[in-house]
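Below you'll find the structure, written out as structure tokens, and then a few comments.
Because the structure is a prediction, the values reported are computed rather than measured. Reckoned from all heavy atoms, side chains included, excluding hydrogens, waters and symmetry mates. To find a chain, count down the sequence lines: A is the first, B the second, and so on, and within it residues start at 1.
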Amino acid sequence: MMSPLEEIRHSCSHVLATAVLRVFPDAKLDIGPPTDSGFYYDIDLDHQLTADDLAKLEGVMKEVIDENQPFSRREVPREEAEAIIRERKQERYKLGRLADIPAGEAISFYQNGEFIDLCAGTHVRYTKQIKAFKLLSIAGAYHRGDERNQQLQRIYGTAFASKDELAHYLTQLEQARLRDHRKLGRDLKLFHIDEDVGAGLILWTPNGSILRQELQNFISTELRRQGYAQVFTPHIGRLALYKTSGHFPYYKESQFPPIVEREFLDQLTASGCSCAEMANRIEAVSQQFADRVNARTGQNTITPDRILPDDQLIDGFLLKPMNCPHHIKIFDSQPRSYRDLPVRLAEFGTVYRWEQSGELNGMTRVRGFTQDDAHLFCTPEQVQTEILGCLSLVKTVLTTLGMSDYRVRVGLRDPDSSKFTGDPAKWDQAESACREAAKTLGVPFTEEPGEAAFYGPKIDFVIKDVIGREWQLGTVQVDYVLPVRFGLSYIGADNTAHTPVMIHRAPFGSMERFCGVLIEHFAGDFPLWLAPEQIRILPISDKLLGFAQATLAQLLAADLRVSLDTHSDKLGAKIRRAELEKIPYVLVLGQKEAELLSASVRSRAKGDEGVHKIEDLIARFKQEVATRALPEKKALAAAAAPKS
RNA sequence: GCCAACAUAGCUCAGCUGGUAGAGCAGCGCUUUCGUAAAGCGCAGGUCGUCGGUUCGAGUCCGACUGUUGGCUCCA
């Protein structure tokens, strides 16, 4: 059974299909389900749909609704279902959908007017019960979500029980766009993306850099408290490193191409080496290399077809797609005793991944990003405790920032997929450790098979952006595979070598994505400790400049981020500018204030707060920064900024 | 990568069916010295994303590329 709203939307998608067939009788239909915010219908059609077509279809849909067609359900045997589909010339996709219905389950059709569709239901009783709808956009969508299949045209729309609710939803969408981090990032000068630098590569401008630096300071403090050591590693590493970890060539499609040493490139060019051959030789390894890795894993991890004689191999470097191999090498750089464990290595490590061009999105999906990464090397007995420590760190971060609207996903392996490597017994152990740890969070979580990393299960924190898209932020991943592949060991209490377990974790995920989401979370109204400019001094006239300069120096000396507005504007204009730039506090200085060594305070949240002594204000601001206080909710009237 | 739309000044946008660009805001200058969300006047700012094609002539038409947006696919 569907909810009443789902029924409306689902029925509306049938009305859409009815209209599509009236306008384009040759259209082949696939499916048209309701979604969280509306509905869509996937259609195979030679004609390329345009915005004008949407308007036309909306008109026809209104006619269908006005005809007040009843929805009727009919259950039929499979043979008859097939006949109905063929008779309607809808066999291209609908027969496949019919085949999806398991034997023994009811096969039903829903009919409204002349339109009949294979459909489990349920629906509203009459088309007139669809009171408010709108078609929103056209998009391409692969049949069954598989890029090897035919790409269909998807029409998105939404529907509500009343016109008011539809209007409310549309204004909400409009509001959401105003806090889009891409818009605020430009308006508040937080970051810049330049096509000459490259798509998906973030330039952190001074304001954004303050935000990022404050977050990094915050997390560094937490790391010290939790016994982490901070490290630095370079942005590239030799191919052999990633051949050992298994990231190359397995993930080569999502990496920047290797950097091949000049000497090799010259030789290859001279010898007329083809691209295919070159790729093959870059991906190859030596016999010794394969033997070593295979001996460690006890499996045919490196297959014989990748082995070439030494003189055929091409060496090179990779822009690092992840930090773990570098951290592994730090762990492995000295002998380790069980007494040393856990070893916790943290780094704000920048990694580069070749995301598909169509996937790039502001700061939330980029090609170069800095993870607040750390790798914990511990004994199998310590895994549970360490996961809990990581989760509490993530929770501390999210709580401090007032981000409570997230969901937790425990990513498990898909037993049918070959993507996941390693010992099934250890997987079971790690999966149950993750599940148990997630339970302690006190937050509902979902278990999702197939969402694990190739080396182990993980716990992800997923948050929604302003238009409802989900982004993975913090992550904690257990790894029994990489320590084996790299031959890591520590000496146990029994004086023999043991393999440590690794935990990968990043409470923010990446600074870029996190800041993007944070900008939207606060709509640019950052808490004082994060605000790029915390305070602005507004002298009422140039006559007050002397006192303003002295006040500026006083606040700067107190380590506050403050500026002085020296424009010869009227006070109202200066205030307006500060409000639009979302400065948390402005200090208005006039003759009265100068005499009392004070300032008239206007806060972003409360507006005019009256006159206070400068020294009292400094104490107040410093306190607010030190406690990382969250911004107070704005009064509604103040939030409605006049349109420029 | 795929489907589609879009790309004009720092920002937001105008520029009809082809006849070599315009506004508001921001910026700069001058005047104003002002009490809680926009003072006045003036100036400057664009090889119309890039490259190629059609044309006597391209911001406008066509193609390729780059980038952006909304989806799809992907996301170690």
Side-chain angles (χ1 to χ4, degrees), chain A residues 40 42 48-51 136-156 177 180 182-183 186-187 189 192-196 198-200 242 245-248 250-255 321-325 351 353-362 365-366 411 419-421 451-456 458 460 467 469 471-472 475 477 479 481-482 504 513 538-545 567-580 586-593 600-603 607-611 637-638 640-644:
Chain A
Y40 63 83
D42 283 349
Q48 178 56 55
L49 292 168
T50 64
L136 297 173
S137 61
I138 306 158
Y142 299 108
H143 174 54
R144 291 184 186 279
D146 189 325
E147 63 182 329
R148 289 166 303 191
N149 288 345
Q150 171 74 24
Q151 191 162 42
L152 310 173
Q153 300 189 69
R154 174 173 295 180
I155 300 175
Y156 278 96
R177 281 182 228 290
D180 189 311
R182 291 166 299 192
K183 175 173 168 51
R186 189 173 51 232
D187 291 350
K189 299 185 173 65
H192 174 64
I193 301 172
D194 192 290
E195 81 176 83
D196 287 344
Y242 303 100
S245 68
H247 292 102
F248 189 86
Y250 193 85
Y251 285 104
K252 66 176 175 183
E253 294 307 319
S254 44
Q255 294 161 0
M322 79 301 301
N323 301 301
C324 33
V351 299
R353 297 183 187 175
W354 187 260
E355 303 290 356
Q356 298 188 92
S357 57
E359 268 306 333
L360 298 173
N361 183 275
R365 189 81 185 263
V366 292
K419 173 182 159 190
F420 307 101
T421 60
E451 287 295 316
F454 77 89
Y455 47 68
K458 56 179 186 170
D460 292 328
I467 56 174
R469 287 180 296 207
W471 300 100
Q472 180 200 309
T475 181
Q477 310 177 355
D479 180 0
V481 172
L482 290 184
H504 310 239
R513 179 175 293 177
L538 309 184
I540 279 189
S541 82
D542 288 356
K543 291 174 191 158
L544 277 303
L545 267 181
H567 288 81
S568 79
D569 285 314
K570 295 195 341 196
L571 181 62
K574 293 183 186 182
I575 286 178
R576 177 182 154 81
R577 190 159 44 236
E579 289 281 351
L580 291 176
V586 299
L587 302 187
V588 176
L589 304 185
Q591 195 52 45
K592 182 171 70 181
E593 286 82 1
S600 176
V601 181
R602 185 188 162 100
S603 73
D608 194 346
E609 290 188 23
V611 178
K643 270 191 101 100
S644 54

(message) I need the CD-P distance between A:Gln472 and B:C75, as an integer number of Å.
(response) 12 Å
(message) How many whole angstroms separate atom NZ of A:Lys252 from atom C1' of B:C75?
(response) 18 Å
(message) My understanding is that only residues two or more places apart in sequence, or in another chain, count here; which of them pass salt bridge (charged side-chain N to carboxylate O under 4.0 Å, His left out) with A:Arg577?
(response) A:Asp565, A:Asp569
(message) Please report the distance separating the P of B:G1 from the corresponding atom of B:C65, rounded so that it comes out in whole Å.
(response) 10 Å
(request) Find the distance A:Glu253:CD to B:C75:P and express it as a whole number of Å. (result) 12 Å
(request) Under the salt bridge (charged side-chain N to carboxylate O under 4.0 Å, His left out) rule, collect the residues that match up with A:Arg469, sequence neighbours excluded. (result) A:Asp465
(request) For nucleotides B:C6 and B:U50, find the distance between their C1' atoms and express it as a whole number of Å. (result) 16 Å
(request) Return the value, rounded to whole Å, for the distance between atom OH of A:Tyr40 and atom P of B:C72. (result) 8 Å
(message) Using the salt bridge (charged side-chain N to carboxylate O under 4.0 Å, His left out) criterion, which residues pair with A:Lys252? Sequence neighbours excluded.
(response) A:Glu283
(message) Applying a 4.0 Å non-hydrogen cut-off, can you work out what A:Arg177 is touching in the nucleic acid: base, sugar-phosphate, or nothing?
(response) nothing
(message) Checking A:Ile193 now: which residues fulfil side chain to side chain contact (heavy atoms under 4.5 Å, CB included) with it, not counting sequence neighbours?
(response) A:Phe191, A:Ile202
(request) Measure the spacing between CG of A:Leu538 and NE2 of A:His567 and express it to the nearest 0.5 Å. (result) 11.5 Å
(request) Between B:G46 and B:G10, how far apart are the C1' atoms? Round to whole Å, please. (result) 12 Å
(request) Give the B/S/- string for nucleotides 1-14 of chain B, one per nucleotide from 5' to 3', where a protein heavy atom under 4.0 Å of the base yields B, of only the sugar-phosphate yields S, and otherwise -. (result) BBBS------SS--
(request) Sticking with atom C1', work out how far B:C30 lies from B:A44, rounded to a whole angstrom. (result) 14 Å
(request) Answer yes or no: is there a side-chain heavy-atom contact under 4.5 Å between A:Tyr250 and A:Phe454? (result) no
(message) Please encode protein proximity along nucleotides 27-35 of chain B as a string of B, S and -, counting only heavy-atom distances under 4.0 Å.
(response) S---BBBBB
(request) Write down the distance between CG (A:Asp608) and P (B:A37), rounded to a whole number of angstrom. (result) 9 Å
(request) Would you kindly compare A:Val586 and A:Ser137 by the position of their nearest RNA chain B nucleotide and give the one closer to the 5′ end? (result) A:Val586
(message) Between B:G49 and B:G67, how many Å separate the two C1' atoms, rounded to a whole number?
(response) 8 Å
(request) Mind checking side chain to side chain donor-acceptor pair (under 3.5 Å) for A:Arg353 and listing every partner two or more places apart, or none if nothing turns up? (result) none
(request) Take the protein atom CD of A:Glu579 and the nucleotide atom P of B:A37, then report the distance between them rounded to whole Å. (result) 8 Å
(request) Go through the steps for A:Leu589 and A:Ile540 under the test side chain to side chain contact (heavy atoms under 4.5 Å, CB included), then give the verdict. (result) CA-CA 6 Å; A:Leu589 304 185; A:Ile540 279 189; over 6 Å; no
(request) Report the distance from atom CD1 of A:Ile155 to atom P of B:G71, rounded to the nearest whole Å. (result) 16 Å
(message) Which residues pass the side chain to side chain donor-acceptor pair (under 3.5 Å) test with A:Thr475, not counting sequence neighbours?
(response) A:Asp460, A:Gln477
(message) Say we look at B:U66 and B:G40: how far apart would their P atoms be, to the nearest angstrom?
(response) 47 Å
(request) Tell me what A:Tyr156 touches on the nucleic acid: a base, only sugar-phosphate, or nothing, going by heavy atoms under 4.0 Å. (result) sugar-phosphate
(message) With a cut-off of less than 4.0 Å, is there a side-chain N or O of A:Arg353 near OP1 or OP2 of B:C74?
(response) no
(message) Roughly how many Å apart are B:G24 and B:G45, using the C1' atom of each and rounding to a whole number?
(response) 15 Å
(message) Could you tell me how far apart A:Gln255 (CD) and B:C75 (C1') are, to the nearest whole angstrom?
(response) 13 Å
(message) Please enumerate all residues that pass salt bridge (charged side-chain N to carboxylate O under 4.0 Å, His left out) together with A:Glu195, with sequence neighbours excluded.
(response) none
(message) Let me check I have this right: for RNA chain B, each base becomes ., (, ), [, ] or |, based on Watson-Crick or G-U pairs with both distances under 3.5 Å. What is the full string?
(response) (((((((..((((.....[..)))).(((((.......))))).....(((((..]....))))))))))))....
(message) Just so I know, are the side chains of A:Arg148 and A:Tyr142 near enough to count as touching, which here means a heavy-atom distance under 4.5 Å?
(response) no
(message) Suppose you measure atom P in B:A5 against the same atom in B:C61; what distance do you get, rounded to whole Å?
(response) 13 Å
(request) Could you pull out all residues at least two apart from A:Gln150 that satisfy side chain to side chain donor-acceptor pair (under 3.5 Å)? (result) none
(message) Should the side chain of A:Arg365 and the base of B:C74 be counted as holding a donor-acceptor pair, with the cut-off at 3.5 Å?
(response) yes
(message) Using a 4.0 Å heavy-atom cut-off to protein, can you give one letter per nucleotide of nucleotides 44-51 of chain B, 5' to 3': B if the base is in contact, S if only the sugar-phosphate is, - if neither?
(response) --------
